[in-house]
Amino acid sequence: INILEIVNKQAPELLEDIDEINEKNKQSKKKDEITLDIVKKIVQWDKKNKRLEGYQYKFMAELAEGKKPWSEHHKKIATLNLNKAKRYGFKE
C-alpha cells in the first residue's frame with residue numbers, strides 16, 4: 001500500500017498507463033476471437049502449408065466438420081492453433 005501511495009504522489013501517470021494497457025489487452029483479446037469460419041480457413045491453409053502438427057490439424061479439421069463440439073475449451077485450443085498458424089504466415 002505504501003508503494004502505491006508513493007507512486008500516486010510522485011508519478012500518477014504510471015497508474016494511468018496501467019489502465020491504458022489493460023484496455024489494449026482487452027481489445028486484443030476481442031480481436032483474437034476465433035470463429036468456425038477461421039477454423040475452416042486454417043484447415044484449408046494448412047493443407048498447403050503443413051505447419052500444424054498432425055494432431056493439431058486433425059483437431060481443427062474435426063472442429064470444422066462439426067465432429068467436435070464448439071465448447072469454450074475447444075475454442076481455447078483452436079486459438080492456440082490459430083496463433084501458431086499466424087506465426088507461420090496465416091492471414092485471416
Side-chain angles (χ1 to χ4, degrees):
I1 294 175
N2 291 337
I3 293 171
L4 289 176
E5 289 175 357
I6 292 169
V7 169
N8 193 30
K9 288 179 185 176
Q10 295 185 3
E13 66 275 1
L14 292 176
L15 298 176
E16 293 171 5
D17 292 344
I18 290 172
D19 290 336
E20 290 176 20
I21 291 169
N22 285 336
E23 186 63 32
K24 287 179 183 178
N25 285 340
K26 287 179 186 176
Q27 290 174 355
S28 69
K29 286 181 182 178
K30 289 179 184 176
K31 288 180 187 176
D32 289 342
E33 186 85 20
I34 191 153
T35 64
L36 192 56
D37 289 333
I38 294 173
V39 171
K40 290 176 182 178
K41 289 178 184 178
I42 292 170
V43 170
Q44 290 300 316
W45 175 85
D46 197 60
K47 282 182 182 179
K48 296 176 190 173
N49 296 287
K50 306 274 190 221
R51 295 296 182 174
L52 296 178
E53 299 292 326
Y55 68 92
Q56 292 170 325
Y57 174 80
K58 183 179 176 184
F59 172 82
M60 297 297 273
E62 288 177 355
L63 200 58
E65 294 168 3
K67 293 180 181 178
K68 289 198 178 285
W70 190 247
S71 67
E72 287 301 315
H73 178 69
H74 288 160
K75 285 182 189 179
K76 288 178 186 177
I77 296 170
T79 301
L80 293 174
N81 291 336
L82 168 62
N83 292 334
K84 181 176 182 177
K86 282 182 177 181
R87 285 194 306 268
Y88 286 108
F90 174 74
K91 305 278 190 230
E92 290 180 48

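FYI, side chains are in, hydrogens and waters are out, and symmetry mates aren't considered; it's all heavy atoms of this structure. What you are looking at is a predicted structure, and each value in this text was computed from that prediction instead of being measured.
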What distance do [X] atom [atom1] and [Y] atom [atom2] have between them, rounded to the nearest 0.5 Å?
X     : Y     : atom1 : atom2 : value
Ile77 : Gln56 : CD1   : CD    : 10.0 Å
Thr35 : Ile38 : OG1   : CD1   : 3.5 Å
Tyr88 : Asn49 : OH    : CG    : 11.5 Å
Ile34 : Leu80 : CD1   : CG    : 9.5 Å
Thr79 : Glu33 : OG1   : CD    : 7.5 Å
Lys40 : Leu63 : NZ    : CG    : 10.0 Å

*Verify side-chain contact (heavy atoms from CB on, under 4.5 Å) between Glu92 and Lys86, making sure each step is shown before the conclusion.*
CA-CA 9 Å; Glu92 290 180 48; Lys86 282 182 177 181; 3.1 Å; yes
In the structure I gave you, are the side-chain heavy atoms of [X] and [Y] within less than 4.5 Å of one another anywhere?
X     : Y     : answer
Trp45 : Lys91 : no
Tyr57 : Lys50 : no
Leu52 : Phe90 : no

_Heavy-atom pair with the smallest gap, counting every atom of Asn81 and Met60_ = ND2-SD, 3.4 Å
*Identify the two heavy atoms, one from Ala64 and one from Leu36, that lie closest to each other, and give their separation to 0.1 Å.*
CA-CD1, 4.0 Å
*Which residue pairs pass the salt bridge (charged side-chain N to carboxylate O under 4.0 Å, His left out) test when at least one of the two sits in residues 61-85, sequence neighbours left out?*
Glu53-Lys84, Glu62-Lys68, Glu65-Lys67, Glu72-Lys75
